[in-house]
A.B. asks: 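One structure follows; several queries about it will come next.
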Amino acid sequence: MANGKFHLPTGRLITLAIVAGVTVGAIGVYVMGAPSGNNPQQVASLDADTAACQAKAETLEAVDAAARGEVAAILAANPPQSVKDLAFNAPDGSPMALADLSGKTLLVNLWATWCAPCREEMPALNQLQKDMGSDTFEVVAVNVDTGGDEKPKRFLEETKVDALGYYRDSTLGLFNELKRRGLALGLPVTLLVDDEGCMIGHMNGPAEWASDDAKRLIEAAM
């Protein structure tokens, strides 16, 4: 849900983002309804996480103030929400969730090989990781191609992406979950997540993540 600001990338990037959104809509099998298997203990944990995230007013103000220039399209979360349960595969192929990266501020980006704006954006994400990646910040770029690993890995070679971990979800489950939460319209989609697993910003469409504007945004989030 937006905070009242409405920014969009301009020119060719917005056209590419729209095309990517239509493509995802064509191939995606969207998840509807609430997750099953909840029990009182899980609900209590989620409520505690939600309460903790919604107490982030100062961080949200900082993110909102820093959403300028090349990253003006990012929206401060209103309200912030816990995304610790978002699941995908680690670079070694094992199942994981964002909770496993607690302690780091994260820029979570979903991409695919057929997504034209992703091809333009990935080198910038790679450079941001090179410039700012540390034990307190990571770019978590999650590939959502269905099928095998050959095309995604070839895409990374072609775009000279060598600093990002190979996070992966071949089921479209992660994209569908973000769509269910009203956060994803197409690809790329990006979440800014603090070190406690709270989403404090989000955007649809590409951005110049290697820019000084982007670095100021990350510093504000940290």
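Just so you know, residue 1 is the first one in the sequence shown, and it goes up from there.
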A.B. asks: Within the structure provided, determine whether V193 and C198 are in side-chain contact (heavy-atom separation under 4.5 Å).
C.D. replies: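 SC-SC contact between V193 and C198 ruled out.
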A.B. asks: Determine whether a donor-acceptor pair (N or O, by modelled atom type, separation under 3.5 Å) exists between the side chain of D100 and the backbone of A97.
C.D. replies: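 A pair under 3.5 Å: yes.
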A.B. asks: Measure the shortest side-chain to side-chain distance between L156 and M122 over non-hydrogen atoms and say whether it is less than 4.5 angstrom.
C.D. replies: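 The answer is yes, as the side chains (C-beta and beyond) meet within the 4.5 Å cut-off.
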A.B. asks: Show, in sequence, the C-alpha distance, side-chain angles and deciding distance for H202 and I74, and conclude whether the side chain to side chain contact (heavy atoms under 4.5 Å, CB included) test is met.
C.D. replies: CA-CA 5 Å; H202 60 97; I74 198 156; 5.7 Å; no
A.B. asks: Mark yes when over 12 heavy atoms from residues, nucleotides or ligands other than K104 sit less than 6.0 Å from its NZ; otherwise mark no.
C.D. replies: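 Atom NZ in K104 is crowded, with more than 12 foreign heavy atoms closer than 6.0 Å.
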A.B. asks: How close do F175 and D169 get, counting heavy atoms only, and between which atoms?
C.D. replies: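 For F175 and D169, the tightest heavy-atom pair comes out as N-OD2, 4.5 Å.
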A.B. asks: As a test of understanding, state which of V139, L217, N126 forms a side chain to side chain contact (heavy atoms under 4.5 Å, CB included) with W209.
C.D. replies: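 One option only clears the test, and that one is L217.
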A.B. asks: Considering the options V144, L183, L185, which one meets the side chain to side chain contact (heavy atoms under 4.5 Å, CB included) requirement together with L178?
C.D. replies: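 One option only clears the test, and that one is L183.
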A.B. asks: Under the rule for salt bridge (Lys or Arg N to Asp or Glu O under 4.0 Å), what residues qualify as partners of K56, not counting sequence neighbours?
C.D. replies: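 Once residues adjacent in sequence are excluded, the partners of K56 under the salt bridge (Lys or Arg N to Asp or Glu O under 4.0 Å) criterion are D194, E196.
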A.B. asks: With side chain to side chain contact (heavy atoms under 4.5 Å, CB included) as the test, pick out the partner of E70 among E208, K215, R216.
C.D. replies: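 By the side chain to side chain contact (heavy atoms under 4.5 Å, CB included) criterion, E70 pairs with just one of E208, K215, R216: E208.
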A.B. asks: Could you walk me through whether N109 and V140 pass the side chain to side chain contact (heavy atoms under 4.5 Å, CB included) test, one step at a time?
C.D. replies: CA-CA 6 Å; N109 177 274; V140 179; over 6 Å; no
A.B. asks: Take V108 and Y167, measure what side chain to side chain contact (heavy atoms under 4.5 Å, CB included) needs, and give me the verdict at the end.
C.D. replies: CA-CA 10 Å; V108 182; Y167 296 101; over 6 Å; no
A.B. asks: Which residue pairs satisfy the salt bridge (Lys or Arg N to Asp or Glu O under 4.0 Å) criterion with at least one member in residues 105-116, sequence neighbours excluded?
C.D. replies: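 Found none.
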A.B. asks: List the steps, then state whether salt bridge (Lys or Arg N to Asp or Glu O under 4.0 Å) holds for K130 with D162.
C.D. replies: CA-CA 9 Å; K130 286 183 176 181; D162 56 3; 3.2 Å; yes
